[in-house]
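Read the structure below first, then the notes.
In what follows, chains are A, B, ... by sequence order, proteins preceding strands, each numbered from 1.
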Amino acid sequence: MKLIIAYIQPEALNEVKQSLYDAEVYKMSITNAMGCGQQKGYHETYRGADIEVNLLKKVRMEIAVNDEYVESTTDAIIRGARSGNIGDGKIFIIDLPECIRIRTGEKGPEAVG
Amino acid sequence: MKLIIAYIQPEALNEVKQSLYDAEVYKMSITNAMGCGQQKGYHETYRGADIEVNLLKKVRMEIAVNDEYVESTTDAIIRGARSGNIGDGKIFIIDLPECIRIRTGEKGPEAVG
Amino acid sequence: MKLIIAYIQPEALNEVKQSLYDAEVYKMSITNAMGCGQQKGYHETYRGADIEVNLLKKVRMEIAVNDEYVESTTDAIIRGARSGNIGDGKIFIIDLPECIRIRTGEKGPEAVG
Amino acid sequence: MSKLKKIAMLSLALGAVALPMATMAEEAEVTAADAMAMAENAMFTVNNVWMMVATFLVFIMHLGFAMVETGLTRAKNTVNILFKNTAIVAIGLLTYTLIGFNLMYPGFAEGASGFFGFAGFGVAAPEGADGLINYASGNYTYWTDFLFQGMFAATAATIVSGAVAERVKLGPFLIFCTIYVAIIYPWVGSWKWGGGWLDAKGFYDFAGSTLVHSVGGWGALAGIIVIGPRIGKYVNGKVKAIQGHNMPLLTIGAFLLWLGWFGFNGGSVLSADPGAVSFVLVTTSLSAAAGIIGSMAASWIIQKQPDLSMVLNGALAGLVGITAGADVVSVTWAIIIGLVCGSVAVVSVMVFDRLKLDDPVGATTVHLVCGILGTLFVAVSPDHSIGPQLLGVVSYAVVCFPSALIIFLVLKYTVGIRVSKEEELKGLDLGEHGMEAYHGFQFFTNV
Amino acid sequence: MSKLKKIAMLSLALGAVALPMATMAEEAEVTAADAMAMAENAMFTVNNVWMMVATFLVFIMHLGFAMVETGLTRAKNTVNILFKNTAIVAIGLLTYTLIGFNLMYPGFAEGASGFFGFAGFGVAAPEGADGLINYASGNYTYWTDFLFQGMFAATAATIVSGAVAERVKLGPFLIFCTIYVAIIYPWVGSWKWGGGWLDAKGFYDFAGSTLVHSVGGWGALAGIIVIGPRIGKYVNGKVKAIQGHNMPLLTIGAFLLWLGWFGFNGGSVLSADPGAVSFVLVTTSLSAAAGIIGSMAASWIIQKQPDLSMVLNGALAGLVGITAGADVVSVTWAIIIGLVCGSVAVVSVMVFDRLKLDDPVGATTVHLVCGILGTLFVAVSPDHSIGPQLLGVVSYAVVCFPSALIIFLVLKYTVGIRVSKEEELKGLDLGEHGMEAYHGFQFFTNV
Amino acid sequence: MSKLKKIAMLSLALGAVALPMATMAEEAEVTAADAMAMAENAMFTVNNVWMMVATFLVFIMHLGFAMVETGLTRAKNTVNILFKNTAIVAIGLLTYTLIGFNLMYPGFAEGASGFFGFAGFGVAAPEGADGLINYASGNYTYWTDFLFQGMFAATAATIVSGAVAERVKLGPFLIFCTIYVAIIYPWVGSWKWGGGWLDAKGFYDFAGSTLVHSVGGWGALAGIIVIGPRIGKYVNGKVKAIQGHNMPLLTIGAFLLWLGWFGFNGGSVLSADPGAVSFVLVTTSLSAAAGIIGSMAASWIIQKQPDLSMVLNGALAGLVGITAGADVVSVTWAIIIGLVCGSVAVVSVMVFDRLKLDDPVGATTVHLVCGILGTLFVAVSPDHSIGPQLLGVVSYAVVCFPSALIIFLVLKYTVGIRVSKEEELKGLDLGEHGMEAYHGFQFFTNV
Ligand SMILES: Nc1ncnc2c1ncn2[C@@H]1O[C@H](COP(=O)(O)OP(=O)(O)O)[C@@H](O)[C@H]1O
Ligand SMILES: Nc1ncnc2c1ncn2[C@@H]1O[C@H](COP(=O)(O)OP(=O)(O)O)[C@@H](O)[C@H]1O
Ligand SMILES: Nc1ncnc2c1ncn2[C@@H]1O[C@H](COP(=O)(O)OP(=O)(O)O)[C@@H](O)[C@H]1O
C-alpha cells in the first residue's frame with residue numbers, strides 16, 4: 001500500500017476530486033496548507049507597506065491506496081490539478097506498511113478501500 | 001520507530017486522548033482535516049439549494065512511537081474512536097527511520113518519547 | 001529522497017523560514033497543528049472555571065528533500081526553532097520513494113527541488 | 001412621502017386641540033388659548049418623539065442579546081442561537097399584539113384585586129385625541145405605548161435563551177417562549193406596572209429589575225435545572241470551562257445592550273421630562289461604568305488575570321442593578337450599586353458553575369441575581385423601604401420560577417427539550433438547521 | 001462648543017418669528033402672538049429633531065446592507081463587498097449633492113408634464129426663515145430634507161451591489177452605481193415624490209417599496225442577467241449552493257436594517273406627527289415580525305429545517321412589503337402583508353435560483369418581488385385602488401430595468417464587467433484589493 | 001414605570017414656570033404668560049431630547065473605536081484590545097464624575113487667567129429650575145450636559161489605545177489613561193470650552209478637532225515613541241506590513257464612528273436649533289463622503305489597488321477634519337476639507353510607517369494630522385483667521401505631547417510599559433488575559 005500526499009492549488013480541489021471519482025478513488029483526506037516553492041508568491045500592499053507573501057494557500061491531500069491504484073490515482077490528481085503554471089504542486093508517494101479501519105478492525109489492503 | 005496517522009471523528013477526540021493517556025501515550029499532534037470515505041456525507045439545504053457535503057470534518061492525529069508501542073497505541077485509538085458507525089476513520093502506520101528532538105538534538109528512540 | 005516533518009513553535013516559524021533560506025531550502029509546506037508533549041500546557045481560567053490547555057498551537061512543516069540535503073535542512077530547522085525550552089518540537093524523517101511535479105510530470109530527485 | 005399632502009395631513013395630525021400651522025403665514029388674531037394648545041401639542045410631540053427613540057433603543061437590545069449569547073458559546077451552535085433570538089423578537093411582538101398588551105395593562109377597575117385582568121384580544125387605538133394627546137396626558141400615543149412595551153416583552157424570553165443555549169431543542173424552546181412571553185410575563189407585569197396589587201403595596205420597580213430581568217432570570221434558572229448541563233461541562237465532578245468562540249461579538253453585544261438601556265431606563269420615565277430622564281441616564285451610565293470597575297477588580301483578584309467576559313457581564317450587572325431605582329437613587333448610590341453588582345456578578349458566575357448549574361452566558365447571574373439585588377437597593381432611597389421590595393421579589397419568585405419549571409417539565413416529558421448527544425457534539429447548527437455559521441472556516445468542533 | 005456664545009446664537013437660530021429665551025428671565029409683557037411664535041418654533045424644532053433621527057437611522061442601514069451582503073457571501077470576497085458598500089455611500093451622498101436632489105425635487109411648475117425636471121446643480125438653502133421654519137411648513141429645514149433624502153439615494157445602488165457580488169469588477173460597478181444613483185434614481189423618483197405625473201395619477205408609495213426598493217431591484221435583476229452566475233453555482237444543469245461565510249454578520253445586518261427602517265418609514269411621515277409616526281412604526285414592526293414567522297413556516301415546511309438566512313430575508317421582505325403602505329394599511333393588514341411577503345420570499349429565492357438567476361443575497365427577492373407586492377398591497381386600504389398602483393409598478397419596470405440593462409451592457413462590452421475566472425476562484429479580495437479580510441485565519445477558499 | 005404617578009410627576013418636572021398638563025382638560029382661563037411658559041418648556045424639552053440623543057451617539061463611538069482597533073490588529077491581541085476599550089469607557093465616565101467635569105468647566109471668574117480652574121470634586125445639579133430650564137437657557141439640563149461631556153472624555157484615551165496596541169502592558173496603560181483622561185484632557189479643554197484664555201484669544205474649535213482628537217493624537221504619538229514598534233514591523237531596515245485580522249469588524253467600527261459623529265458634531269451645537277444642527281450634519285456627512293473619495297483616489301493611485309483600511313481611515317479623516325469648523329465652513333469647503341484630509345491620510349499613514357513610528361490603526365494620522373488640518377481649515381470661514389488657530393494648535397502641542405511623554409516614560413522606567421517578547425509573539429490575549437478571542441478557530445498566530 002502507498003500513501004499519496006499531494007499539494008494542489010485550492011482552486012483545483014473540485015476538479016481533482018472529480019477526476020479522482022472518475023478514477024474510482026472515493027476515499028481521501030484533505031487539509032489546509034500553506035506552501036512555498038518555485039511559485040514566487042505575490043505582493044500585497046497593506047496600508048502602503050509592501051508585503052511579500054511567499055506562503056501561499058494550498059490544499060494538502062492524503063490518499064491511501066493499494067499499489068495497483070497508485071498510477072491511476074496520481075494520474076487523476078495530475079489531470080485535475082495541472083494548469084501548466086508554476087504552483088500546480090507536488091505529489092509525494094510513501095510506503096504504507098499498515099492500515100487499519102477503526103470501525104471493523106480490518107487490516108491491510110481491504111482496510112484501505 | 002513508527003509514525004501513526006489516524007483520522008477520527010472530531011467528536012471522538014477527547015475520548016481518544018483519554019484512552020491514549022491510559023495507554024501512557026502522552027505525545028501527539030493533531031490537525032483539522034476534511035475527509036471523504038464510505039461515509040456518504042449529508043445534505044444541507046442552504047437557501048433551498050440542496051448541497052451534498054461529502055467532505056466531512058475529521059481530526060487527523062499524528063503520533064510517533066517506538067515499535068513496542070505501536071500495538072497499544074493503535075488499540076487505544078480504536079478504543080476511543082470506535083462507535084461502530086461508518087465514518088469512524090482509519091489508522092495508517094508508516095516507518096519512521098529517524099526522529100530528532102529540536103530542543104536537545106537527541107536522536108532516535110529516546111527522542112520520540 | 002526524504003520527507004522531513006517538523007513540529008515547531010508558531011513563534012519560531014519566521015526564524016525557521018529564514019534559516020532554511022540561508023541553507024538554500026526554498027520549498028516547504030506548512031499547516032496549523034495542535035500538539036501535546038512534554039510541554040505541559042498552561043491554565044486558562046475562563047469565567048472562573050479552570051481550563052487545562054494541553055493541546056498547544058504548533059506549526060507543522062513538511063519538506064521534501066534529496067538525501068544530500070537532509071542534514072543541512074534539519075540543522076537549519078533546529079537553528080531556527082531551538083529556544084532550549086520544552087515545546088521546541090520534533091523533527092521526523094521518513095523515506096520518500098517517489099515525488100512528482102504536477103506541472104511538468106517530472107519524477108524523482110529533480111522534481112523535489 | 002411626497003410633500004404636497006403634508007400641510008393637510010399635519011393640521012389633521014395636530015388633532016382637535018391644535019391650530020393648523022398654515023395660519024402661521026397670515027398672522028391672524030391668536031388667542032392665548034390657541035397658543036397654549038399649540039404649546040401643549042409641541043410638548044406632546046416631543047414627549048412622543050422621545051418615547052419612540054427609547055423604543056428603537058430597546059429594540060436594538062435584542063441584537064445585543066443575540067451577540068452576547070453568540071460570543072459566549074461555541075461556533076458550532078451559532079446559527080441556532082441567532083435563529084432563536086430572531087424568532088423571539090417576532091414571537092414577542094406578535095403575542096404582545098394579540099394578548100400581552102391587554103394582559104399587562106388591563107386597566108384594573110377601582111377596588112379590583114389587581115391580581116389578574118384582561119382587556120381583550122388585539123390592539124386598537126382609541127378614537128381621535130383619546131389615542132393621541134389625551135391618551136397619556138400628552139406623553140405619548142397609544143401606538144407608541146404599545147410598541148415600547150412590546151419591545152420589552154421579548155426580552156424576558158431572550159434571557160432564557162442564553163441560559164439553555166447549546167443543548168435545547170429549537171421547537172420546544174420556541175413553544176416555551178411563546179407561553180412565557182404571551183402569558184406569564186404580561187400577567188405578572190400587571191401586578192405592578194398594570195397598577196395591580198403590588199403597586200398598591202408600594203413595591204417599586206422603575207424599569208424592570210424584577211418585572212423584566214428577574215422574570216427572565218427565573219425562567220432561565222428553571223430551564224437550566226430541567227435541561228441539565230452541556231456535555232463536557234462537568235467531567236467526573238470537575239468543572240470544565242467551555243469557552244465562547246467570539247469575543248468581538250460578545251463586546252458588540254454588551255455595548256449595544258448598554259446603548260439600549262438608555263431607552264430601557266430613560267424611556268421608563270414615560271415622558272421626555274428633561275430633569276427626570278437625564279438624571280436616569282446618568283445613574284444608568286455610572287452604574288454600568290462602576291459595574292465594569294467592580295467586576296474588573298473582582299476578576300483580577302480572583303482569577304489573577306482580568307477576564308473580558310466577566311467584565312462585560314459586570315457592565316450588564318450594573319445596568320440590571322440600577323434598573324429598579326434609576327430614578328430614585330443618588331449618583332453616589334448608583335456607583336455603589338454598580339460596584340456591588342459588578343463584583344457580585346463575578347463571584348455569582350463561579351458559584352452557579354460550582355452548583356452544577358450550567359449557564360453558558362451568565363444569564364442567571366446578570367438578570368436574576370443582580371435583578372434581585374437592584375430591586376432591594378431601591379430601599380436605599382429615602383421614600384422607599386425594604387419591606388415592599390422584598391415582598392415584590394418573593395412574589396415574582398414564587399410565581400415565575402414554578403410556572404417556568406412546569407412548562408419546561410411538560411415539554412421535557414412530551415416533545416422532549418434536549419437534543420441528542422450526537423447532535424450536541426456535532427453542534428446544533430448542523431443538527432437543527434443543516435447550516436454552518438462560518439462556512440469554509442476551519443475550527444475544532446470538538447472543543 | 002463653548003457655552004458662552006449660546007444665548008446669542010440661539011436667539012439668532014429661533015429666526016424671525018421667535019422670541020429670544022433670554023426674555024424668560026424678566027417676565028416681560030408677553031402677547032399671545034409671542035407665545036404662539038415660541039410654540040410654533042418648538043413644534044418646528046421637534047419635527048426637525050425627529051427628521052434628523054430618522055436620517056441617522058437610514059444612514060445605519062448602509063452598514064446593515066454591508067453586513068447582510070458580507071454574511072451571505074464567501075470569505076474570499078469580503079473586503080470587496082465592504083469596499084463597495086463604503087464607496088456607494090460616498091458616491092450616493094456626493095452625487096445627490098451635485099445633481100440628485102434637484103433632479104428628484106425639481107418643483108414641477110403648474111401644468112408641467114411632471115416627467116422630467118432639474119432645478120440646477122449643487123445645493124443651497126433658501127435665505128433665513130425660508131430655509132428654516134417656512135421651508136416645509138415647520139416640519140424640517142432645507143438641510144435636514146437634503147440629508148434625509150440623500151441617505152435614501154445610495155440605497156438603490158447598494159441593493160444592486162449584493163446581487164452581483166463575488167464576480168463583478170470593482171471599477172465598472174462603481175461607474176454603474178454613480179450613473180444609477182445620480183440620474184436614474186432621482187429622475188424616476190421625481191415622478192412621484194417630486195410631485196410628478198405619477199403622483200397626479202394617484203399612485204401611492206409611502207416610503208419607497210417601488211421608488212427605492214423596486215428601483216434597486218430592477219437594477220439588480222439587470223445586473224444578474226448581464227453578468228451571469230458565479231462559477232460553481234450551476235454545475236451541469238444542477239443548482240449548487242454557495243454558502244455564505246458569516247451568519248453573525250448577516251444577523252447584525254438584518255437587525256440594523258430593521259432598526260434603520262424605523263427611520264426609513266417613520267421619517268417618511270415627514271414630520272414628528274405623533275399619531276402618524278407611531279402608527280407607521282407599529283405597522284412596520286409587525287410586518288417585519290410577521291415576515292419572520294411567515295418565512296420560518298415556509299422554510300421549515302419546504303426545507304424541512306428552518307434556514308436562518310431565509311428567516312432574516314423574511315424579516316426584510318416584510319419590511320419592504322410594508323414600506324409602500326405603512327401609513328394607510330391596518331395593523332391586521334400589516335401582519336398579513338408580513339406573512340405573505342415572508343413566505344413568498346422563501347419560495348422566490350428558490351425560484352430565482354432555479355431560473356439560473358444567481359443572486360447571492362436574495363436582493364431581487366427582497367427588494368424587487370416584495371417591493372412590487374407591497375406596492376400592490378396598498379390597494380387594500382380604503383382610499384387607494386389597484387389601478388394606479390399597477391401603473392406605478394409597470395412604469396418603474398419599463399424605465400429602470402432597461403436603463404440598468406443598457407448601462408451594464410455598455411460597461412460589459414467596453415471595460416468589461418466581470419473579473420477573470422482565476423480571480424473569481426482566488427477571490428476578489430486578493431484580486432481587486434490585494435488584501436485579505438481575515439488575515440491569518442484558515443479557511444477553504446475553494447468552497 | 002407605572003403610568004399612575006405620571007401626571008403628578010410631570011407637573012413636578014415641568015418645574016416652576018410650567019402649567020400642569022392636567023389643565024388641558026378643563027379649558028381654564030389661560031393667559032399669554034401661561035402659554036409662553038408652556039412653549040418655552042416644550043422648547044427646553046426638545047433641546048434636551050436632542051442633546052440626549054447626541055449623547056447616545058457619542059457613546060456608541062466607543063464601540064466604533066473598539067471595532068476599528070480590533071479589525072486592524074491581529075487575532076491574538078483581540079481580547080486585550082476589547083478589554084482596554086471597555087475599561088476606558090468606565091474610567092472616563094467615573095473620573096469625569098469625580099474631577100473631570102469641574103476641571104473642564106470651572107466657570108472662570110471675570111478677569112481670571114483662564115489657564116487653570118477647578119470647581120471641586122463630584123457632580124451635583126443646582127436646585128430646581130437652575131439645574132433644569134435655567135441651567136443653559138433652556139437648552140439642556142445639568143445632567144445632560146455632564147453626560148454628554150463625559151462621553152467625550154474617554155475618547156481622548158481611546159485614541160491612544162489603538163496606537164500602542166499589540167504590545168502595551170494592560171495595567172500601566174490603564175494608569176496612563178486614568179491620568180490623561182482625568183487631568184490632562186479636561187484641564188486643557190478648559191482653555192477653550194471652559195471659556196479659558198484660548199477662547200478669549202479667539203481660537204475656534206467647534207467640536208474638538210484639537211480639543212479631543214489632537215489631544216488624543218499627541219498622546220498616541222508620545223506612546224508610540226516611548227513603546228517602540230511591534231516585533232516584526234521593521235526587519236533590518238525594511239518596513240513590513242502587519243495585517244489586521246478582521247475587515248468586517250473594521251467596517252462596523254468605521255460606520256459606527258460616522259454615526260456617532262452625528263452626535264459628536266450635531267450635539268456640539270448645544271441645542272436642537274434646527275438650522276444650525278442640520279447644517280452641521282450636512283457638512284459632517286459630506287466631509288466624510290469626500291474623505292472616502294479622496295482616500296480612494298490616493299490609495300488607488302499610490303497603492304495601485306484600493307485599500308479598504310485606507311478608505312475607512314479616509315472617512316474618519318474627513319470626519320476629524322470637519323469637526324473644528326462644521327458649523328462655520330460652507331458645504332463646498334466641507335467637501336474640500338474631506339478630500340484633502342482623506343488623501344492626506346493615505347500619505348500620512350505611509351510616512352509615519354517609514355518614520356518607524358508604528359501605529360497599527362493610524363490613530364496619529366486620523367486624529368493628530370487631520371485634527372490639526374481641520375483646526376487650521378477653520379480659517380477659510382469669513383469670521384475666523386489663521387492666527388488664533390495656529391496658536392491653539394501649538395498650545396495644545398506643547399502641553400499635551402510632553403505631558404503624555406512624561407507619563408509614559410515614568411511608567412516605562414517604573415512598572416514597565418511593554419510586554420515581554422515571548423508574550424508579544426504569543427499574543428496579549430493569552431499573556432494578559434489567559435483567554436482566546438476566537439476559541440476553536442484555527443489561525444496562524446505567527447503572522
Ligand atoms: N520540496 C517540497 N517540500 C514540501 N512541499 C513542497 C515542495 N515543493 C513543492 N511543495 C509544495 O508544492 C507547492 C507548489 O510547488 P511550486 O514549486 O510552487 O510549484 P511547481 O512545483 O509547479 O513549480 C508549494 O507551494 C508547496 O506547498
Ligand atoms: N484511503 C483513504 N485515504 C485517505 N483517507 C482515508 C482513506 N479512507 C478513509 N480515510 C479517512 O477516514 C475517514 C473515515 O473513513 P470512512 O470510510 O468514512 O469510515 P469507515 O472507514 O469507518 O468506513 C474518511 O473521512 C477519511 O478522512
Ligand atoms: N511522539 C510524538 N508524536 C507526535 N508529535 C509529537 C511527538 N512528540 C512531540 N510532538 C510534537 O512536538 C511538540 C513539542 O514536543 P514537546 O515534547 O512539548 O517539546 P520537547 O520535544 O521540546 O520536549 C508537541 O507539541 C507535538 O506537537
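For the pair B/Phe92/A/Pro97, no side-chain contact is recorded, criterion being any heavy-atom separation below 4.5 Å from C-beta on. The shortest distance between side-chain heavy atoms of A/Glu98 and B/Ile91 does not fall below 4.5 Å.
The contact between B/Ile5 and chain A is made entirely by side chain atoms (from C-beta outward), counting heavy-atom distances below 4.5 Å. Only the side chain of A/Leu3 comes within contact range of chain B, judged by heavy atoms closer than 4.5 Å.
Evaluation of the side-chain hydrogen bond (donor to acceptor under 3.5 Å, both in side chains) rule for B/Tyr26 yields no partner, not counting sequence neighbours. Not counting sequence neighbours, the partners of A/Tyr7 by the side-chain hydrogen bond (donor to acceptor under 3.5 Å, both in side chains) test are A/Arg60, C/Glu62. Partners of B/Glu106 by salt bridge (charged side-chain N to carboxylate O under 4.0 Å, His left out), not counting sequence neighbours, listed by chain and number: B/Arg101.
Here the CZ-CD1 distance, from A/Arg103 to B/Ile86, works out to 5.0 Å after rounding to the nearest 0.5 Å. Between the SG atom of B/Cys36 and the CE atom of A/Met28 there is a distance of 4.0 Å, given to the nearest 0.5 Å. Note: B/Asp88 CG to A/Thr104 OG1 = 9.0 Å, rounded to the nearest 0.5 Å. A distance of 13.0 Å separates CD1 in A/Ile30 from NZ in B/Lys58, rounded to the nearest 0.5 Å.
Heavy-atom pairs under 4.5 Å with chain A were tallied for B/Ala33, B/Gly89, B/Gly84; the largest tally goes to B/Gly89.
Interface with chain A: from residues 69-83 of chain B, residues B/Thr74, B/Ile77, B/Ile78, B/Ala81, B/Arg82 qualify, criterion being any non-hydrogen pair under 4.5 Å.
In this structure a side-chain-to-backbone donor-acceptor pair under 3.5 Å is missing from B/Lys90 to A/Cys99.
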(request) Quick one: do A/Asn32 and B/Asn32 satisfy side chain to side chain contact (heavy atoms under 4.5 Å, CB included)? Show the steps, please. (result) CA-CA 8 Å; A/Asn32 249 325; B/Asn32 248 324; over 6 Å; no
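Nearest heavy atoms, A/Asp95 versus B/Ile94: O-CG2, 3.3 Å.
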